[in-house]
Amino acid sequence: MIKFAERMNRLGTESAFEVLARARHLESQGRSIIHLEIGQPDFPTPDNICEAACQAMKQGYTGYGPAAGLMEFRQAIADHITKTRGIEVLPNEVVVTPGAKPIIFFTLMALVNAGDEVIYPNPGFPVYESVINFVGAKAISLPLLEEVDFRFRMDDLIDAISDRTRLLILNSPQNPTGGLLTEEDLAAIAQLAKEHDFYILADEIYSGIIYDGQHTSILQFPGMKERTILLDGHSKTYAMTGWRLGYGVAPQPIVEHITRLMINSNSCTCSFTQIAGIEALTGPQDAVIQMVAEFRRRRDAIVEGLNRIEGIHCLKPAGAFYVFPNVTRLPLSCDELADYLLAEAGVAVLSGTAFGKWGDGYLRLSYANSLENIQEALQRIETAVGRL
Ligand code: PMP
C-alpha cells in the first residue's frame with residue numbers, strides 16, 4: 001500500500017466531478033441523463049476570442065511567458081477592474097493564473113499559517129474548506145441562510161471573528177446559492193476587516209452574471225484595496241472553462257508571493273490564451289449579453305417549475321447560474337434525493353451537503369443547460385418526486 005503524506009488526509013474534493021463521472025457511466029450504459037450538476041456555461045466560447053487565440057498561436061505566442069502573466073494582458077485586466085470596480089488598479093497588482101482556482105490555493109499558501117483561522121461561507125464552493133484544512137488552518141464556517149436570501153447574519157460574522165482570524169472568504173454572486181451580498185453587507189464587512197485586521201479573499205468569478213441589481217466589490221470601499229485579494233477570470237463570463245484563464249488582483253507584495261508560487265508550480269499561464277483573454281475583455285461584449293439574457297430566461301423557468309412541485313421551495317437567485325431549492329419537506333434526505341433523482345429520473349443534481357453542512361436540506365441545480373432540457377428535467381423531477 002502506498003503511504004501518502006499526512007497532509008493529503010486534509011485535502012477534500014469537489015463532488016460535482018464525481019457525480020459527473022457517475023452520470024457519464026450511466027449514459028455509457030444507454031441511460032438518458034440531463035446534466036444539471038456541473039457549473040460551466042453550455043455555450044461555445046465566442047468566435048472573436050477563438051480567432052484571437054488562433055492568430056496568437058500563429059504569431060508565436062507558444063513559448064514560456066512571464067510567470068505573473070503577459071504585461072499586455074495584466075494591463076487589460078487592470079483597466080477592466082478599474083472600470084468595473086471603480087478603483088484604480090495597476091498591472092503590477094495583477095497576477096494571471098491557469099483558471100481562477102489557483103488564486104484560492106495560492107492566497108491561502110501565501111498568507112495563512114497553521115493554526116490561523118479562516119472564515120468561509122457555508123454552503124460554499126468546496127475548495128475553500130478543503131484548502132483551509134490543507135494548509136493546517138482552522139476553517140470557521142459562516143452560515144448562509146435562506147431566510148436572508150442566502151446572505152449571512154452580521155452577528156454570525158461578528159461571532160466568528162477572533163484574534164486568530166487571518167482571512168475571510170467572500171463569494172458574491174455565490175456558488176451554490178446564486179445569492180448576492182448587498183452594499184450594506186460589504187460596507188459592514190469592510191469595517192470589521194479594518195477593525196480586526198484581517199484580509200479578504202473576494203471570489204468574484206460570477207461578477208459578469210447578474211440579473212437583479214449590480215455587482216458591488218469589497219475592493220471599492222475605502223482602505224480595502226490594501227487587504228483584499230480579488231479573484232476573477234474568464235471561465236464563466238466568456239464560456240472559457242477549459243481554457244484555464246483566471247487572475248488575482250492584490251497588493252503588489254502579495255502578487256510577488258503568488259508569482260513565486262506560480263514559478264514553483266506552473267511556470268506561467270498559457271501564452272496564446274492570454275492574448276485571447278485580452279480580446280475577451282476589450283472586444284465586443286454582445287455574446288456575453290446574449291448569454292446572460294438566456295441564463296435569465298432559464299433561471300425564471302427553473303425557479304417557476306421547481307416551485308410548482310409539491311414539497312420543493314426555491315428562491316429566485318440574483319446571479320450566477322445555480323438554484324438552491326429547499327427540499328426539507330420531502331421524505332428523503334438531500335443526499336438520498338440527489339441519488340434518487342439520478343437513478344430514477346436520470347437528472348444529475350448535487351446534494352446541498354456537497355457545499356458544507358449548512359447546505360443540508362437543499363439541492364444545487366445548475367441551469368447551464370438548454371431551456372428544453374431544463375423543462376424535461378423539471379418534468380422528470382416532478383414525476384419522480386410524486387412517487388415518493
Ligand atoms: N470560484 C467559484 C465560486 C467557482 O464556482 C469556480 C468554478 N466552479 C471557481 C472559483 C474556479 O473557476 P476556474 O474554473 O476559473 O478555476
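Keep in mind that the numbers below use all heavy atoms, side chains included, and drop hydrogens, waters and symmetry copies. Just so you know, ligand 1 is whichever comes first in the structure, and atom 1 is the first atom listed for that ligand.
- Between Glu382 and Arg387, none of the side-chain N atoms (NZ, or NE/NH1/NH2) sits under 4.0 Å from a carboxylate O, so this pair counts as no salt bridge.
- The closest approach between any non-hydrogen atom of Asn171 and ligand 1 is below 4.0 Å.
- Closest to atom 3 (C) of ligand 1 among all protein heavy atoms lies Asp203 OD2, 3.3 Å.
- No donor-acceptor pair under 3.5 Å is formed between the side chain of Thr228 and the backbone N or O of Lys225.
- The nearest non-hydrogen atom to atom 4 (C) of ligand 1, considering only Tyr206, Tyr247, Tyr322, comes from Tyr206.
- With a 4.0 Å heavy-atom cut-off, ligand 1 is reached by the side chain of Arg244 but not by its N, CA, C or O.
- Ion pairing between a basic and an acidic side chain is recognised when a charged N comes within 4.0 Å of a carboxylate O; Arg153 and Asp185 show no such pairing.
- Taking the charged nitrogens against the carboxylate oxygens, Asp212 and Lys316 have no contact shorter than 4.0 Å, which rules out a salt bridge.
- Note on ligand 1: Trp243 sits outside its first shell, no heavy atom being nearer than 4.0 Å.
- Side-chain contact annotation: Gln290 with Asp286, donor-acceptor N/O pair under 3.5 Å absent.
- Of all the atoms in ligand 1, the ones that sit under 4.0 Å from a non-hydrogen atom of Ala100 are 13 (P), 15 (O), 16 (O).
- Counting only distance, with no hydrogens or angles, the side chain of Glu336 and the backbone of Ser333 share a donor-acceptor pair below 3.5 Å.
- Among protein heavy atoms, atom 11 (C) of ligand 1 sits closest to Lys101 N, 4.0 Å.
- Ligand 1 does not have Gln40 within reach: every non-hydrogen atom of the residue lies 4.0 Å or more from it.
- Ligand-side atoms of ligand 1 in range of Gly99: 15 (O), 16 (O), range being under 4.0 angstrom from any heavy atom.
- Listed by number with element, the atoms of ligand 1 under 4.0 angstrom from any heavy atom of Ser235 are 13 (P), 14 (O), 15 (O).
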Starting from the C-alpha separation in whole Å, work towards a yes-or-no answer on side-chain hydrogen bond (donor to acceptor under 3.5 Å, both in side chains) for Glu146 and Tyr362.
CA-CA 10 Å; Glu146 187 181 358; Tyr362 297 84; 2.7 Å; yes
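- Salt bridge absent: Arg151 and Asp156 never bring a charged side-chain N and a carboxylate O closer than 4.0 Å.
- In this structure, the side chain of Arg166 does not engage the main chain of Val118 through any donor-acceptor pair within 3.5 Å.
- Close contacts between ligand 1 and Tyr128 involve ligand atoms 3 (C) [criterion: under 4.0 Å to a heavy atom].
- At least one heavy atom of Lys236 sits less than 4.0 Å from an atom of ligand 1.
- If you check which protein heavy atom lies closest to atom 6 (C) of ligand 1, you get Phe125 CZ, 3.6 Å.
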